Protein chains: 2
Amino acid sequence: MKLSVKSDYAARAVLGLARAFVTGSARKVEELALEQGIPGNYLVQILLELKTKQLVRSVRGKDGGYLLARPPGEITLGDVMRAMHGEVLDPPALGDPQCPLELREAWARLKAAAEQAADSLDFQSVLDQSGDREKMYYI
Amino acid sequence: MKLSVKSDYAARAVLGLARAFVTGSARKVEELALEQGIPGNYLVQILLELKTKQLVRSVRGKDGGYLLARPPGEITLGDVMRAMHGEVLDPPALGDPQCPLELREAWARLKAAAEQAADSLDFQSVLDQSGDREKMYYI
DNA sequence: TCGCTCTTCACGGAAAGCTTCACGGCCCGG
DNA sequence: CCGGGCCGTGAAGCTTTCCGTGAAGAGCGA
């Protein structure tokens with residue numbers, strides 16, 4: 001099952017904002033777009049959705065832009081995916097009464113596993129991992 | 001992320017065939033379709049794909065139909081999903097060099113978790129679960 | 001007021017997903 | 001050897017989602 005690039009783009013944008021989180025300054029949309037290789041006008045829509053889901057906030061006017069609404073450690077990949085697609089993984093069987101109950105339970109377990117995995121990946125640890133990589137070169 | 005109904009249909013069909021596995025007899029497409037609430041002509045295509053992936057096999061002519069190629073215990077939800085969509089979960093980021101490495105590793109972990117979960121759900125245990133349900137009423 | 005930025009909405013092509021149809025091929029019983 | 005039942009296959013609609021573009025409107029600072 002291929003996921004859409006939308007959640008990928010969203011995750012990149014959040015990561016870009018996470019890197020700037022300590023500075024407390026807003027980042028411009030176009031700047032983020034170029035840095036992460038995302039079509040600018042598309043990123044605008046994505047950030048707008050992230051904003052309505054309270055993951056980021058925006059500042060208008062000169063020196064405006066976007067910043068994270070919470071520390072990177074409190075934003076997970078699951079949050080981003082839910083902001084884009086409603087659910088991390090949504091098997092259509094769950095809403096279909098014609099599907100045998102045993103099978104629906106199997107789908108539900110798969111969904112729960114994916115959700116649990118996505119929610120345990122927060123952006124602070126993603127940031128930390130890139131730091132760890134540098135250290136590894138010294139081993 | 002909504003999954004397609006295709007993998008849902010495929011899973012239902014496999015479950016239907018799994019129930020008949022002990023009898024060793026083939027089940028007709030239209031019969032399966034009605035029982036599981038799947039458009040008949042669509043199910044044909046799905047079964048065809050399942051066949052090329054060696055999950056089911058077919059018998060032609062009168063008293064023909066489809067049967068499982070292996071015991072239900074050796075077919076997992078992951079097998080069915082891979083037969084339909086190539087991968088259980090496929091984040092586009094993994095093939096995109098522009099995506100930061102740390103983020104790609106996060107996606108890879110999510111993918112691995114989903115795959116592991118899907119591969120641990122085989123159809124024999126789905127069948128067994130419906131049996132367990134009856135037993136629970138006696139507790 | 002001017003310039004910068006976000007905000008909002010509407011549009012469009014492209015692709016994928018879902019479904020149905022039509023026709024051909026194989027197997028069996030008579 | 002002939003006919004009916006069933007699988008096999010490709011193609012054609014239709015719908016929805018994805019992806020991206022464009023332009024007009026609103027807030028903020030200088």
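So that the names make sense, note that chain A is the first sequence line, chain B the second, and so on, each numbered from 1. Computed from a prediction, not measured in an experiment: that's the story for all the values here.
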Check your understanding: So does A/Gln45 reach the base of D/dT21 with its side chain, donor to acceptor, closer than 3.5 Å?
Key -> yes

Check your understanding: Between D/dC7 atom P and B/Leu17 atom CG, what is the distance in whole Å?
Key -> 11 Å

**Study point:** Earlier contact from the 5' end, DNA chain D, for B/Asn41 and B/Arg27
**Key:** B/Arg27

Check your understanding: What nucleic acid atoms does A/Lys2 come within less than 4.0 Å of, heavy atoms only: base, sugar-phosphate, or nothing?
Key -> nothing

Exercise for review: List the steps and the verdict of side-chain contact (heavy atoms from CB on, under 4.5 Å) for A/His85 and A/Leu3.
Suggested key: CA-CA 10 Å; A/His85 302 110; A/Leu3 319 172; over 6 Å; no

Check your understanding: Under a 4.0 Å N-O cut-off, is there an ion pair linking A/Asp122 with A/Arg70?
Key -> no

Check your understanding: Do B/Leu48 and B/Val80 share a hydrophobic cluster, counting only Ile, Leu, Val, Met, Phe, Trp and Tyr and linking them when any side-chain heavy atoms are less than 4.5 Å apart?
Key -> yes

Exercise for review: Would you sort out whether B/Glu115 and B/Leu89 count as a side-chain contact (heavy atoms from CB on, under 4.5 Å), showing the intermediate values?
Suggested key: CA-CA 7 Å; B/Glu115 198 143 20; B/Leu89 208 70; over 6 Å; no

Check your understanding: Looking at A/Tyr42, does any N or O in its side chain come under 4.0 Å of the phosphate oxygens OP1/OP2 on D/dC19?
Key -> yes

Review point. Under 4.0 Å: is that the gap between some side-chain N or O of A/Lys28 and OP1 or OP2 of C/dT5?
Key: yes

**Study point:** Presence of A/Ser58 side-chain N/O under 4.0 Å of C/dT7 phosphate oxygens OP1/OP2
**Key:** yes

Point to revise | Test item: side-chain donor near acceptor, A/Gln124 and A/Asp128, under 3.5 Å | key: yes

Review point. Would you say a side-chain N or O of B/Lys62 is under 4.0 Å from OP1 or OP2 of D/dG3?
Key: no

Exercise for review: Ignoring backbone atoms, test whether B/Ser4 places a side-chain nitrogen or oxygen under 4.0 Å from the OP1 or OP2 oxygen of C/dC18.
Suggested key: yes

Review point. Rounded to the Å, how far apart are A/Leu67 CG and C/dT5 P?
Key: 16 Å

Exercise for review: Describe the nucleic acid contact of B/Val44 in one word from base, sugar-phosphate, nothing, applying a heavy-atom distance below 4.0 Å.
Suggested key: base

Exercise for review: Could you tell me the separation between the CZ atom of A/Arg12 and the C1' atom of D/dC19, rounded to a whole number of Å?
Suggested key: 14 Å

Revision key, fill the gap. When B/Tyr9 and A/Leu48 are each assigned the nearest nucleotide of DNA chain C, the 5'-most assignment goes to A/Leu48

Practice item. Take atom NZ of B/Lys6 and atom C1' of C/dT19, then tell me their distance rounded to the nearest Å. Key: 12 Å

Practice item. Identify which nucleotide among D/dG25, C/dC26, D/dG20 has an atom closest to any side-chain atom of B/Arg60, counting heavy atoms from C-beta outward. Key: C/dC26

Practice item. Evaluate the criterion side-chain contact (heavy atoms from CB on, under 4.5 Å) for residue pair B/Val126 and B/Leu77; output intermediate values, then yes/no. Key: CA-CA 10 Å; B/Val126 174; B/Leu77 210 51; over 6 Å; no

Point to revise | Atom-pair distance (CE on B/Met1; C1' on D/dC18), nearest Å | key: 9 Å

**Study point:** Nearest-angstrom distance from the residue atom CG of A/Leu32 to C1' of C/dC6
**Key:** 14 Å

Check your understanding: Considering only D/dC7, C/dC18, C/dC6, which nucleotide approaches the side chain of B/Val29 most closely?
Key -> D/dC7

Practice item. Indicate, with a heavy-atom threshold strictly under 4.0 Å, whether B/Gly40 touches base, sugar-phosphate, or nothing. Key: nothing

Review point. Please give, in whole Å, the distance from D/dC7 P to B/Tyr66 OH?
Key: 7 Å

Revision key, fill the gap. B/Asp63 atom CG is separated from D/dC6 atom C1', nearest whole Å, by 10 Å

